[in-house]
Amino acid sequence: MKISFENPDKINGLMTLTIEEADYKENVEKTLKDYRKKANVPGFRPGMVPMGLIKKQYGTAVKVDEVNKLVGENIYKYVQDNNIAMLGEPLPSDKQVEQDLEGNGPFTFVFDIAVAPEVKVELTNKDKINYYTIDVDDKLINEQVESFAARAGHYEKAENYDPEQRDMLKGDLRELDAEGNTKEGGITVSDAVMMPQFIKVEDQKKLFDGCKLGDIITFNPKKAYPDNESEIASLLKVKKEEVKDIDADFTYQITEISRFVKAEVGQQLFDQIYGEGEVKSEEEFRNRIAESIKAQFAGNSDYRFLLDVRKYAEDKVGELQFPEELLKRIMKNNNKDREEDFVEKNFAGSLKELKWHLIKEQLVQANDIKIEQDDIKGAAKEAARAQFAQYGMTNVPEEYLDNYATDMLKKQEQVQAFVDRAIDMKLTAALKGVMKLTQKTVSLDDFNKLFEEK
């Protein structure tokens, strides 16, 4: 077998493979002998079918399979042995000449190879970059205290409806006829639950102002919830497709008013959030909250840092020349089921991501970053921790996080995302120790504004 590789402009490669009969003959004959042992041909005992008949029936197909296998294996072996930074998959070249696979060869195959441009980037303590720490102020702590108190709250019975108190009503619904009387055979719903403060139309919402236990309110569900058939269907206990035929007014007799009451900020709340006896005062409670918020924000700060490193490194590297036409062909070949203009719409963004991928690969190698199974598990645990924190669950036991992470890693489609996350975490830690950081403490609002800047 002969393999040659031309790469005059460093990014558009041309690989030529020539397969001789000697390269495939032995394996083809071995496969055909196996076919002969198993062949079931009328008139011949098993294993006694003439080899000529086997070759006539299967010879070309077996040879084509073996040649294709040789081509695939040797392309990738050559790329690996010669350290060619191939992008995507090899594509048949327009220089390819049709081969007569009925014959014995030699067969020549020509492939276009997209080669990554050479990237040189080094980050040291001479490279300065901002590192943003979010200030955990009283406003943020107060908001979290309110969130905990609301989450641990409960409903109490009330006599009067107050829309400012998130009151929930329970009552009996009756459909009315054109004269305003209860419609015979009409829709009736007992213990229908409503929160009038969420009614979209103001004049319908005001009908409930000042109401009290036992009052009868007349309103129109269709007018109260325009363009929301699901809400009406849920309230009236009917199928969604039936809503279009319901235009009547309804009476609603209030049988119960429930008022939401936040939990008191005291020992019962402390125990509920952090465990019994773990926190004994409001000051300790606020300090624990501050620590939790800081831990959450540390991930945000690292995320912002890596974004800034990316821009810094991309600017430092400057423009890179890519084999654009060949990459467009590869992208189109990998997205055959997409619309015609998919490549044109997405190519620029894809090229930008490819540039960062090449830079990050070099930074990972320069900082000797290796990813082990424990790192992947750690990334999954951090993702789980962040998910729980979104719901105010900041005291989840490590054992529970560990089990949750294990379950997530059973989903194969999620594993690569955690591998990438583990790489990012290790790279961030390494670069924070290498580059010169300018520490900046900012408010949460100002931190969020950083993501709005172009």
Side-chain angles (χ1 to χ4, degrees), residues 4-17 68 71-72 74-76 78-80 82-99 108-121 123 303-365 411-421 423-424 427 448-454:
S4 64
F5 183 68
E6 303 169 41
N7 187 25
D9 65 357
K10 305 299 183 184
I11 54 175
N12 287 283
L14 190 71
M15 184 177 290
T16 304
L17 298 90
N68 283 336
V71 169
N74 283 279
I75 285 178
Y76 289 101
Y78 187 92
V79 165
Q80 187 174 22
N82 291 274
N83 296 316
I84 298 171
M86 182 172 68
L87 300 174
E89 300 291 320
L91 289 182
S93 173
D94 57 9
K95 294 185 171 73
Q96 177 69 55
V97 176
E98 188 175 351
Q99 303 294 295
T108 300
F109 302 93
V110 187
F111 294 90
D112 291 323
I113 306 284
V115 181
E118 187 177 356
V119 177
K120 290 183 179 180
V121 59
L123 298 177
Y303 176 69
R304 181 68 229 184
F305 169 73
L306 196 57
L307 287 181
D308 290 339
V309 167
R310 172 175 175 166
K311 185 178 186 312
Y312 183 89
E314 287 175 345
D315 290 344
K316 191 171 185 178
V317 167
E319 289 297 319
L320 294 177
Q321 294 299 313
F322 287 94
E324 294 193 13
E325 290 307 312
L326 183 47
L327 287 177
K328 284 181 180 179
R329 282 175 57 201
I330 293 171
M331 192 172 177
K332 188 172 183 178
N333 188 62
N334 290 338
N335 294 278
K336 292 176 181 177
D337 57 338
R338 303 277 190 167
E339 59 271 18
E340 191 65 29
D341 58 352
F342 174 81
V343 172
E344 289 304 320
K345 283 182 177 179
N346 294 278
F347 186 71
S350 178
L351 218 56
K352 186 173 177 63
E353 291 304 313
L354 181 55
K355 178 180 178 179
W356 169 236
H357 173 75
L358 296 175
I359 292 171
K360 189 164 81 167
E361 270 191 338
Q362 192 168 118
L363 293 175
V364 166
Q365 186 175 1
K411 299 175 182 176
Q412 198 58 40
E413 66 275 12
Q414 293 186 0
V415 173
Q416 186 56 49
F418 291 126
V419 171
D420 294 339
R421 178 64 186 139
I423 292 171
D424 285 350
L427 181 60
N448 288 333
K449 285 177 184 176
L450 294 172
F451 295 87
E452 298 172 7
E453 297 174 1
K454 292 184 179 180

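Below, each value reflects all heavy atoms present in this structure, side chains not excepted, and no hydrogens, waters or symmetry copies. Predicted model, so just to flag it, every value in this text is computed and none were measured.
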Neighbour count >12 (heavy atoms, 6.0 Å) for atom [atom1], [X]:
X: Q96; atom1: CD; value: yes
X: R304; atom1: CZ; value: yes
X: K316; atom1: NZ; value: yes

Does the side chain to side chain donor-acceptor pair (under 3.5 Å) test come out yes or no for N448 and E452, once each step is laid out?
CA-CA 7 Å; N448 288 333; E452 298 172 7; over 6 Å; no
If I take atom [atom1] from residue [X] and atom [atom2] from residue [Y], how far apart are they, to the nearest 0.5 angstrom?
X: L427; Y: K360; atom1: CG; atom2: NZ; value: 7.0 Å
X: L320; Y: L358; atom1: CG; atom2: CG; value: 7.0 Å
X: W356; Y: L363; atom1: CH2; atom2: CG; value: 6.0 Å

For residues 321-332, please give each side-chain donor-acceptor pair under 3.5 Å, one per line with the distance, not counting sequence neighbours.
unit_1 : atom_1 : unit_2 : atom_2 : d
R329   : NH1    : D112   : OD2    : 2.9
R329   : NH2    : P92    : O      : 3.0

Distance-only polar pair, side chains of E353 and H357, donor-acceptor under 3.5 Å:
no
List the atom pairs, donor and acceptor, that lie under 3.5 Å between side-chain atoms in residues 339-350 and the rest of the protein, sequence neighbours left out.
unit_1 : atom_1 : unit_2 : atom_2 : d
D341   : OD2    : K345   : NZ     : 3.4
N346   : ND2    : F342   : O      : 2.8

Are [X] and [Y] packed together at the side-chain level, in the sense that at least one heavy-atom pair is separated by less than 4.5 angstrom?
X: L123; Y: V309; value: yes
X: K95; Y: L14; value: yes
X: I113; Y: Y78; value: no

Answer yes or no: is there a donor N or O on one side and an acceptor on the other, between the side chain of [X] and the main chain of [Y], under 3.5 Å?
X: E314; Y: K355; value: no
X: E6; Y: N12; value: no
X: N335; Y: R338; value: no

Walk me through it: do N7 and I84 pass the test side-chain contact (heavy atoms from CB on, under 4.5 Å)?
CA-CA 10 Å; N7 187 25; I84 298 171; over 6 Å; no
Report the C-alpha separation of V119 and E361 in whole Å, then their side-chain angles, then the decisive distance to 0.1 Å, and conclude whether the side-chain contact (heavy atoms from CB on, under 4.5 Å) test is met.
CA-CA 10 Å; V119 177; E361 270 191 338; over 6 Å; no
side-chain contact (heavy atoms from CB on, under 4.5 Å) between D315 and K311, worked out
CA-CA 6 Å; D315 290 344; K311 185 178 186 312; 2.9 Å; yes
Report the C-alpha distance between F5 and V115 in whole Å, list the side-chain angles of each, state the deciding distance to 0.1 Å, and finish with yes or no for side-chain contact (heavy atoms from CB on, under 4.5 Å).
CA-CA 12 Å; F5 183 68; V115 181; 4.1 Å; yes
Describe, in one word, how the ring planes of F451 and Y303 are oriented to each other, choosing from parallel (under 30°), tilted (30 to 60°) and perpendicular (over 60°).
parallel
With sequence neighbours excluded, residues passing side-chain contact (heavy atoms from CB on, under 4.5 Å) with K411
E413, Q414
